[in-house]
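None of the values given here were measured: they were computed from a predicted structure.
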Amino acid sequence: KDPENKLYARGPRIRLSAEQLRDQALVVSNLISKKMYGKSVMPYQPDGIWRSPYNGDKWMMSKGEDQNRRALYTYWKRTAPYPSMLTFDGGAREVCVTQRIRTNTPLQALTTLNDSTYFVMAQSFAFQMQLLEFNDVKKQIQKGYESMLFKPISDNRLNALVELYSKSMITFAKDKKAAHEIVGEGRTATPETAALVVVANAMLNLDEWVNKN
């Protein structure tokens with residue numbers, strides 16, 4: 001039935017690489033820069049991680065679309081690799097390797113849930129869902145899920161995400177400051193939008209998003 005070995009059903013379940021995870025999140029959130037070639041870029045990284053004792057260089061975050069270039073272009077230093085990629089088993093490049101290891105650790109979930117780069121992607125993904133369907137949150141989640149995974153969402157998963165949305169909206173309706181922090185600068189911080197950002201963040205952490213099943 002599959003002499004050319006093309007069917008996904010026959011492949012093993014594996015976690016995607018660090019670069020794939022970053023790039024696909026940039027794509028679905030409509031943030032990815034399609035600029036090609038040129039020098040390496042420095043996307044967001046917390047202070048104090050990247051140090052260069054030999055020449056005093058500092059991590060100078062890139063501006064504009066350079067923040068969202070493909071992972072291929074991220075500046076790499078062997079003594080201080082980009083932390084979020086290292087968490088997902090990106091090679092440290094101290095030695096050549098024929099194959100990367102693949103692990104599943106709590107640090108990976110903490111990265112995709114809390115790392116500023118991934119959270120900005122979740123914010124943008126939430127706004128993309130609002131554009132797909134103006135004011136029906138169920139349809140927003142359904143269409144957002146399909147845009148991610150190219151398949152319809154199951155009722156159980158949809159109900160769980162709608163419940164998360166409802167609980168989050170109650171919280172943000174009582175705390176406008178928290179809603180503003182979740183939505184980010186320069187955007188209207190409604191409880192509905194803030195709650196959808198929380199849902200988008202959860203969706204970008206689904207098992208079938210992080211893994212090829």
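Side chain of Y145 to main chain of P152: no donor-acceptor pair is present (N/O by atom type, distance under 3.5 Å, no hydrogens or angles). Between the side chain of E192 and the backbone N or O of N135 there is no donor-acceptor pair closer than 3.5 Å. Checked by atom type and distance alone, the side chain of N114 pairs as donor or acceptor with a backbone atom of L110 at under 3.5 Å. The main-chain N or O of L21 is never found under 3.5 Å from a side-chain atom of W209 such that the two would form a donor-acceptor pair. A donor-acceptor pair under 3.5 Å is formed between the side chain of S166 and the backbone N or O of V162. Side-chain atoms of Q45 do not come within 3.5 Å of backbone N or O of M61 as any donor-acceptor pair.
With values rounded to the nearest 0.5 angstrom, L132 atom CG is found 10.0 Å from E146 atom CD. Taken from CG in N68 to OG in S62, the straight-line distance is 10.0 Å, to the nearest 0.5 Å. Here the CD-OG1 distance, from Q130 to T190, works out to 6.5 Å after rounding to the nearest 0.5 Å.
E65 has no carboxylate O lying under 4.0 Å from a charged side-chain N of R69, or vice versa, which leaves the two without a salt bridge. Between K143 and D136 there is no salt bridge, since none of the side-chain N atoms of the basic residue sits less than 4.0 Å from a carboxylate O of the acidic one.
Residue D89 forms a salt bridge (Lys or Arg N to Asp or Glu O under 4.0 Å) with just one option from R102, R100, R15, and that option is R15.
In this model, a donor atom of one side chain and an acceptor atom of the other lie less than 3.5 Å apart for Q108 and T103.
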